[in-house]
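Presented below is the structure to which this report refers.
Atoms within a ligand are numbered from 1 in the order they appear, just like the ligands themselves.
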Amino acid sequence: MNAGPINFQAAKQVPIARVLAHYGVQLHATGGELRGQCPLPEHTSRESRNSFSVNAARNLWCCQSQSCIHARDGELGGTVLDLVARLERCSIREAAAKLAEWFGAGEVVRAPVPAASAPQTNLPLRFRLTGLDHSHPYLEGRGIAQMTARSLGIGYYGGPGIMQGRVVIPVHNRAHELVAYAGRSIKGDEPKYRFPPGFYKSQELFLLHRARLSGNDAVIVVEGFFDAAKVWQAGHRNVVALMGSSLSDTQAGLLQKHFRHAVLMLDGDPAGRAATEAISRRLSQIMEVEPIHLMPGVQPDQLAPKEMNETLSGHLRPAKSRER
Ligand SMILES: [Zn+2]
């Protein structure tokens, strides 16, 4: 209601090259236009590596891949507003507000947009990445067995889009809906993890949808995707990852809602120890917490199954024995 008037015309005129640069999308000049791989989340075609083109003079984009057009309900392309709305999976109004925020609020928006807009929620993805390689050498190097990779849907993705050439890890919400892929770089390039634009890590716990079904009232909380995969591989289905070393209010709420007891197993480095203390303190106000201190420099994903089980044994007593 009291949203400030947004100058859509001005937002539409933010140069598309600047918008693409913001997302790290690189195109090449061919025949008077810019062309390259389509950055849209709904683009899944593996053949069309050059289907995305930009007309800088008119400040418009288009992707000619049939499947991509189909996923956009027949739309060939659009303005920078449409582009940002698709990349962020948000409304045109929100896209305009984002453009204003990134590229000069003064020019684009006349009055500030109230911060109290939509809550941060992750919408289910409307596509699936296919053709994943579950036995890629990178996974083997991290000690992830093919069966684990297959079960968790983790694999190397060679198709087009922003996840190309990365090991992708599907992230589901508590309702078992796929909301993101995390794309792990495998050759040391940055960023180490790439997420779809508009994905809020803080709103999810990796593997919660499975841990919930384990029937265990204790949950093992780790930092990273590979930590969680290794704990899972060692036979513990009640594991979730924070996808980082901080705990959001939403994540704390999810832990409290689904479990009675949390076993915190963060990295053994100073940052992990500091996080363990901070998170223990917070969680202990809402549930039982048991921190595990790994040796300095040790991360859960480096533990062999036997070490993993030795480390966890004693922390995962059957639920009944903890009742008074
Ligand atoms: Zn496309």
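- Proximity of a side-chain donor or acceptor of Asp227 to a complementary backbone N or O of Asp301 within less than 3.5 Å is detected.
- Taking the six-membered ring where tryptophan is involved, the planes of Phe225 and Tyr193 are tilted, since the angle between them lies from 30° to 60°.
- Counting only protein atoms, the N, O or S atoms lying less than 2.8 Å from the Zn ion (ligand 1) are Cys38 SG, His43 ND1, Cys63 SG, Cys68 SG, ordered by chain and residue number.
- Residues Pro300 and Leu294 are in side-chain contact: their nearest non-hydrogen atoms beyond the backbone lie under 4.5 Å apart.
- The 12-atom threshold is exceeded at NE2 of His176, counting heavy atoms of other residues, nucleotides or ligands nearer than 6.0 Å.
- Considering only heavy atoms from C-beta on, Trp61 stays 4.5 Å or farther from Leu27 through its side chain.
- Under the 3.5 Å distance criterion, with hydrogens and angles disregarded, a donor-acceptor pair is assigned to the side chains of Ser135 and Asp133.
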